[in-house]
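Right, one structure below, let's go through it.
The model shown is predicted, which means the values in this text are computed figures rather than measured ones. So that the names make sense, note that chain A is the first sequence line, chain B the second, and so on, each numbered from 1.
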Amino acid sequence: MSDQFADRLLQWYDRHGRHDLPWHLDRNAYRVWVSEIMLQQTQVTTVILYFRAFMERFPTVRDLAEAPVDDVLGHWSGLGYYARARNLQKAAIHVMEDHDGDFPREQDQLEALPGIGRSTAAAIIAQAWDRRATILDGNVKRVLARYHAISGWPGQTATLNALWRRAEEHTPATRARDYTQAIMDLGALVCTRSRPDCEHCPVSDGCTAYANGEVHLYPGRKPKKKKPEKTTWMLILEDHHGRILLERRPPSGIWGGLWSLPELDPAFGPDELQEACERQFGLDCSEPDLIGGFRHTFSHYHLHIQPARLQVADASKVGDDADQRWLHRETALDLGLPAPIRTLLSTPEQAALL
DNA sequence: AAGACGTGGTT
DNA sequence: TAACCAAGTCT
């Protein structure tokens with residue numbers, strides 16, 4: 001059904017929407033897909049530079065499928081949610097092997113690819129091929145929650161179902177590409193989380209929350225919970241060449257598959273680091289030299305990272321393999337590193353401490 | 001169903 | 001400053 005909502009929105013979009021984001025140029029399914037994955041829970045301004053660099057290095061789905069995983073993660077370093085990068089490459093391999101290098105055209109086939117859910121599949125269909133499909137991202141949730149005064153936190157199934165139903169209803173039969181971009185642009189530029197610009201909203205007429213003067217009540221807030229705190233040790237083990245020991249983290253969990261400093265059982269106290277180092281790595285370490293800690297906040301818990309610097313007498317006991325390497329700082333920066341570790345290894349002030 | 005999963009910006 | 005949140009998906 002093509003209702004007044006869609007018509008007014010599209011009219012507004014033609015004049016005020018965003019028409020030249022990087023993924024709007026040379027538009028194809030691959031570029032749309034990569035942009036949609038990068039944009040999951042990530043702001044447009046953050047994505048732009050990553051997208052350009054990623055496309056330069058991996059111009060086609062084949063380039064991505066054939067690349068070393070560390071290269072892919074390296075281009076994701078600092079973006080967060082690294083499962084996205086691992087899934088991206090898995091999906092690229094599937095597309096090459098099962099679909100002859102072409103993205104499947106049906107929504108359920110797209111959703112079968114790792115990292116592509118209901119909304120991302122719809123975004124690809126609409127953005128890449130201009131076919132009718134319904135998205136529901138954070139922007140659309142906010143717009144529709146206000147327009148229809150849908151109460152409740154969108155994380156709850158009932159609220160989410162109500163939003164999906166409305167989203168489907170509003171999706172027009174034509175101009176699918178422009179419509180999906182338009183409703184996201186409205187959320188990003190007008191119907192913003194704080195200080196929405198209702199005076200310039202093309203659909204304020206039919207907006208229930210606006211009519212009731214309750215725009216600020218929607219969407220419902222997430223129930224707040226206390227974040228647990230976690231403290232860990234990150235060892236900076238340096239050999240006499242000035243190289244640092246890095247380890248690949250397990251494929252799942254925080255920073256999965258990325259390279260990082262060796263993590264030590266947090267149960268060890270500050271004065272047990274030398275012993276722990278010898279036990280865990282079989283290394284003959286000098287007196288641990290604490291260089292102070294920095295605190296890093298995650299979305300789900302506070303993680304206190306305490307870097308401890310130790311000089312290693314004989315690095316040959318820990319070899320170079322797929323999961324453990326002695327690397328100079330500059331070399332390490334080519335790998336997929338978590339942002340805090342990258343900062344630790346790259347900023348002049350931090351590096352001076354190493 | 002609810003929690004895990006990152007980081008940087010905003011309030 | 002600490003909470004909140006952004007073009008969600010997976011388990």
Task: Protein-nucleotide distance (A:M38, atom CE; B:dG8, atom P), rounded to Å - done: 15 Å
Open item on the list: Both A:S119 and A:P219 contact DNA chain C. Taking the nearest nucleotide for each, which residue is further toward the 5' end?
Closed with: A:P219
Task: Note, A:R18 side chain near A:V44 side chain (heavy atom, < 4.5 Å) - done: yes
Open item on the list: Looking only at the aromatic ring of each residue, does the gap between the centers of A:Y218 and A:H148 stay below 6.0 angstrom?
Closed with: no
Task: Phosphate OP1/OP2 of B:dG9 contacted by A:Q43 side-chain N/O (<4.0 Å) - done: no
TODO: Using the test side chain to side chain donor-acceptor pair (under 3.5 Å), find all partners of A:E111 that sit at least two apart in sequence or belong to another chain.
DONE: A:Q107
- [ ] Quote, to the nearest angstrom, the C1' distance that separates B:dA1 from C:dA6.
- [x] 23 Å
Open item on the list: For a quick check of understanding: with a heavy-atom distance under 4.0 Å over all strands, which category does A:W23 fall into, base, sugar-phosphate or nothing?
Closed with: base
Task: First encountered from the 5' end of DNA chain B, between A:G155 and A:Y50 - done: A:G155
Open item on the list: Less than 4.0 angstrom between a side-chain N/O of A:Y82 and OP1 or OP2 of B:dT7, yes or no?
Closed with: yes
- [ ] Nearest whole angstrom, please: distance from the C1' of B:dG6 to the CH2 of A:W259.
- [x] 21 Å
Task: Whole-Å gap separating C1' (B:dG6) and CG (A:L258) - done: 10 Å
- [ ] Establish whether the base of C:dA6 is bridged to the side chain of A:R142 by a donor-acceptor pair shorter than 3.5 Å.
- [x] no
Task: Between B:dA4 (C1') and A:N87 (CG): distance, integer Å - done: 14 Å
TODO: Flag the pair A:R165 and A:E169 as a salt bridge only when some basic side-chain nitrogen lies within less than 4.0 angstrom of an acidic carboxylate oxygen.
DONE: yes
Task: Residues from residues 178-195 of chain A lying under 4.0 Å of DNA chain C - heavy atoms - done: A:Q181, A:M184, A:R193
- [ ] Given side chain to side chain donor-acceptor pair (under 3.5 Å), test A:T331 with A:R325 step by step and report yes or no.
- [x] CA-CA 11 Å; A:T331 317; A:R325 291 187 206 161; over 6 Å; no
TODO: Measure from CD1 on A:I48 to P on C:dA6 and round the result to the nearest Å.
DONE: 18 Å
Open item on the list: Whole angstroms only, please: what is the CG-P distance between A:L160 and C:dT9?
Closed with: 10 Å
Open item on the list: Suppose you measure atom P in C:dA7 against the same atom in B:dA4; what distance do you get, rounded to whole Å?
Closed with: 23 Å
Open item on the list: If we check ring-ring contact (aromatic ring centres under 6.0 Å, His included) with A:H170, which of these qualifies: A:F5, A:W164, A:Y179?
Closed with: A:F5
TODO: With the side chain of A:T157 defined as its heavy atoms from C-beta on, choose the nearest nucleotide among B:dA1, B:dT7, C:dA6.
DONE: B:dA1
Task: Polar side-chain contact A:T46-B:dG9 base: donor and acceptor under 3.5 Å - done: no
Task: Phosphate OP1/OP2 of C:dC5: any A:K222 side-chain N/O under 4.0 Å - done: no
TODO: Please work out if A:T45 contacts a base, only the sugar-phosphate, or nothing of the nucleic acid, heavy-atom cut-off 4.0 Å.
DONE: nothing
Task: Rounded distance in Å - NE2 (A:H24) to P (C:dA7) - done: 13 Å
Open item on the list: Does A:V47 reach a base, just sugar-phosphate, or nothing at all? Heavy atoms under 4.0 Å.
Closed with: nothing
Open item on the list: Judged by each residue's nearest nucleotide on DNA chain B, which is more toward the 5′ side, A:Q156 or A:G256?
Closed with: A:Q156
- [ ] Just call it for A:L21: base, sugar-phosphate, or nothing, with non-hydrogen atoms closer than 4.0 Å on any strand.
- [x] base
Task: Short side-chain donor-acceptor distance under 3.5 Å, A:E168 and A:T134 - done: yes
Open item on the list: Please give the distance between the P atoms of C:dT1 and B:dG6 as a whole number of Å.
Closed with: 26 Å
Open item on the list: Tell me whether the side-chain N/O atoms of A:W153 come closer than 4.0 Å to OP1 or OP2 in C:dC4.
Closed with: no
Open item on the list: Measure CG/A:N161 against C1'/B:dA1 and give the value in whole Å, please.
Closed with: 12 Å
Open item on the list: If you only use heavy atoms from C-beta on, which nucleotide in C:dG8, C:dC4, B:dT7 is closest to the side chain of A:K224?
Closed with: C:dC4
- [ ] Please check if any side-chain donor atom of A:W12 sits under 3.5 Å from a side-chain acceptor atom of A:D185, or the reverse.
- [x] no
Open item on the list: We want to know whether A:R31 and A:N28 form a side-chain donor-acceptor pair, criterion being a heavy-atom distance below 3.5 angstrom.
Closed with: no
Open item on the list: Need one value for A:L79: base, sugar-phosphate or nothing, where a base atom within 4.0 Å counts as base even if backbone is also close, heavy atoms only.
Closed with: base
